[in-house]
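The structure under discussion appears below in the form of structure tokens.
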There are 2 protein chains.
Amino acid sequence: MPGRPLNDYISVDCVIFGYNGQELQVLLVDRTLTNNSTGQPEFTDLTLTGNHIYEDETIEQAAYRVLFDLTGLKNVFLDQFKTFAHPDRLKKENDRRWLIHDGRDPDKRIVSIGYFALLATQNITLEWKGRNVKWVPVSEVGELAFDHNQILEEALIALRNKIKQEPIGFELLPEKFSLTQLQNIYEVILSTELDKRNFRKKIARMKYLIPTDEKQTGVAHKPARLYVFSREVYEKTKKELFDFTV
Amino acid sequence: MPGRPLNDYISVDCVIFGYNGQELQVLLVDRTLTNNSTGQPEFTDLTLTGNHIYEDETIEQAAYRVLFDLTGLKNVFLDQFKTFAHPDRLKKENDRRWLIHDGRDPDKRIVSIGYFALLATQNITLEWKGRNVKWVPVSEVGELAFDHNQILEEALIALRNKIKQEPIGFELLPEKFSLTQLQNIYEVILSTELDKRNFRKKIARMKYLIPTDEKQTGVAHKPARLYVFSREVYEKTKKELFDFTV
DNA sequence: TATAGTTAGTGTTGTTTTAACACTTAATTA
DNA sequence: TAATTAAGTGTTAAAACAACACTAACTATA
């Protein structure tokens, strides 16, 4: 039994990132209307996932609720990265597109609290209030509704900053993963190439990536050993880290 | 001519940090009421500085406006670090304290967009809508109104993270400063001691701290050479930096 | 004007991290 | 059983880090 929205003009928006083995993807809601007579789309309407905050929940709870409603998952990596409220948020292009969603006054702008999430995308079923939800590679995202292009841009910046500081890459992978998969995630997110041997030496120094006895199966080459992330070891070791930029 | 507030329940709150040569300080507004008959304070009421967002400005402009109204300064370091909206923000302690400010409905919570600012505190005059504004060492901050203790806590965390990544320490100092002053700022913010020689070697590697011909005057010891920060050099060199945590 | 007090400023060494680089191994498929 | 593919592994030179102690330059005061 959800409560009343706290305020019609405040919402959380979640930039949900996934990884398909090649590219970084983002989850978008497609509410494109199709013209009944011509069968052509009247206009495209792609958005991030978001919702209002209810009266009795924290912002963070609202963001987790959005994610749970969509994926059924509860333990998802989630990070509040920035809040947006540009004066002409709703006036973009001055067309009626932005009115269709829920009839909000287009002169009132919405304050949008941005979160980004990292999902391991294998075997989750997507369901979002009966709407059409789809993964889109970040490099192929076109024009989004509202200021969602800007929010996505900032989410990417926040993700890149975060992954430089904390080991969160594995959040995009299944529980057990190979080091090559992990390296790929860093390469894709940071748009760089990394040396395989140096990457693995760095991982060996960090103690929190634990090799298992398992190996990949069904691949037409030497199967990779699978690793798991140990949060306990990480929590211990991160306190030892200390460095700074003058 | 300021516009109407966008929304009564959204505000920016600025955690303004300063440095007095010894300690990290934060700027607080004291609206403590004094009981007319006894002369005793009826209760203390210390808050961060904040304001509503006007209709025609961005969140960031609102934050800069708060800072300008207070200090008369325009080029201040400012960073949006987190947004707060705990359901019982205004219900804390269940007393009438939180009602006095402007008569807002205490059942409606306020969404507060948190910024932190770094000020060089020498020779600025503080003026805040006729209110009593004062510097308080961060270590001596007691109970604040609303959830401002939590906001300050998070601002400190954000400041520590930021200063580990970007050279922002000098923002708390006059334009020309000594390396010992700068080192002290890092020690205070990061709660650590740094080796003088290693600190200076690190600075030498970064090229953007430029020695001037000037020296300290009026000190009863060998006068320190003064340095300036070069934004141009920094913008060039920062693109070269690349490192990450697995 | 000499001396005491105070902070500025400077180099070396051993250890750790980085960056660059190529071949062998183990599985599948043809 | 040969071809294909990605996994996995070690060395070296350069840079960064951490730990450590003395001399220089100014003021205050005796």
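Lettering follows sequence order; numbering is per chain, from 1. Everything numeric here is computed off the predicted structure, so don't read it as measured data.
Distance CD (E240(A)) to C1' (dT17(C)): 16 Å, rounded to an integer number of Å. What separates CG of D243(A) from P of dT18(C) is a distance of 10 Å, to the nearest Å. The separation between I203(A) atom CD1 and dT9(D) atom C1' is 14 Å, rounded to whole Å. At whole-Å resolution of the value, CZ in R205(A) and P in dG10(D) are 16 Å apart. Atom P of nucleotide dA7(D) and atom CD of Q183(A) are separated by 9 Å, given to the nearest angstrom. If you measure from atom CZ of F244(A) to atom C1' of dA16(D), you get 13 Å, rounded to the nearest angstrom. Between L194(A) atom CG and dA20(C) atom P the separation is 11 Å, expressed in whole Å. In this structure, NZ of K215(A) is placed 15 Å from C1' of dT28(C), rounded to the nearest angstrom.
Under 3.5 Å, the side chains of N198(A) and K201(A) contain a donor-acceptor pair of N or O atoms. Side chain to side chain, T47(A) and R31(A) meet the donor-acceptor criterion of an N or O pair below 3.5 Å.
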Annotated protein contacts, base or backbone, on nucleotides 6-14 of chain C with a non-hydrogen cut-off under 4.0 Å, one of B, S, - each: BBBBBBB--
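Using a distance-only test at 3.5 Å, with no hydrogens or angles considered, no donor-acceptor pair links the side chain of K176(A) to the main chain of K215(A). The backbone N or O of F116(A) sits nowhere less than 3.5 Å from a side-chain atom of D79(A) that would complete a donor-acceptor pair.
Under the rule for a side-chain hydrogen bond (donor to acceptor under 3.5 Å, both in side chains), Q216(B) has no partner lying at least two apart in sequence or in another chain.
With a 4.5 Å cut-off on side-chain heavy atoms, D69(A) and W128(A) count as touching.
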